[in-house]
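Each ligand, and each atom within it, is numbered from 1 in the order the structure gives.
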Amino acid sequence: MKILMVEDEFALADTLRDRLTQEKYEVDIASDGITGHDKAMTGAYDIVIMDGMLPGKDGTEIIYEMRKAGVTTPVLMLTARSDLMDKLKGLDAGADDYMTKPFEVEELLARLRALIRRNYGQEENILTVGNLSLDRKNSSLRNTESNQTISLAGKEFKILEYFMDNPGKALTREQISERIWGHEDNVEYNNVEVYVSFIRKKLKFLKTNVCIRAVRGVGYRLDVEAADDKKATAQN
Ligand code: CA
């Protein structure tokens, strides 16, 4: 699970990042409203934790613009404002949940888990597609029929997790690269192919019915092979 935290209080952002990282979330921090807006608009995150008062652009404004542009990433809003009008403004803009500072970190974790369950409909630590299940806690990949298990290295895990969060959907190399390496380097585009080939080898080893197909001119798509497809592949 990749979390974008838009928060201008450095100490709070650092503390939260440490705790979230312990819980195996991946955290990206934006410390002003403009950067937060740009990152949130990519739709490359699973959850956004959004502060209300931010330099550059207000949290509610960012949420409003995300929703207007069709970005559906669930947002948990955090703010020092406790009055009802501000809470309503945040929720009206499209925030999914709201917490007032100061708060207990454990409560934040519970709210996050609830948001994940509501939006992704499965236990946050286990992702399942076809007969393939990915354990987010220990980066292991399992064929649920044969129980064969294999572990994934860091980038392989992140890329496969992204695919398994978006089964049947074509993901561009740019989206993958952005998600795994961030904006800055175009150099990494080629690496996507390298990692996809590593992942394919592991899928093959597990003899799973899940595969990563190339989508010409676009990128890649994670698919569950129909039983017939599999026979056809075996004959080829
Ligand atoms: Ca603030």
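Under the 4.5 Å side-chain criterion, counting only non-hydrogen atoms from C-beta, L203 is in contact with L141.
The residue from N131, N147, T208 that alone fulfils the side-chain hydrogen bond (donor to acceptor under 3.5 Å, both in side chains) condition with R142 is N147.
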Test side chain to side chain contact (heavy atoms under 4.5 Å, CB included) on Y162 and K2 and set out the steps.
CA-CA 9 Å; Y162 189 31; K2 189 162 181 173; over 6 Å; no

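Near the Ca ion (ligand 1), less than 3.0 Å away, sit the protein N, O or S atoms D8 OD1, D51 OD2, M53 O.
Y64 forms part of no hydrophobic cluster, judged by ILVMFWY side-chain heavy-atom separations under 4.5 Å.
At least one donor-acceptor pair under 3.5 Å links the side chain of R111 to the backbone N or O of Y98.
The two residues G94 and I63 have their closest heavy-atom pair at C-CG2, 3.5 Å.
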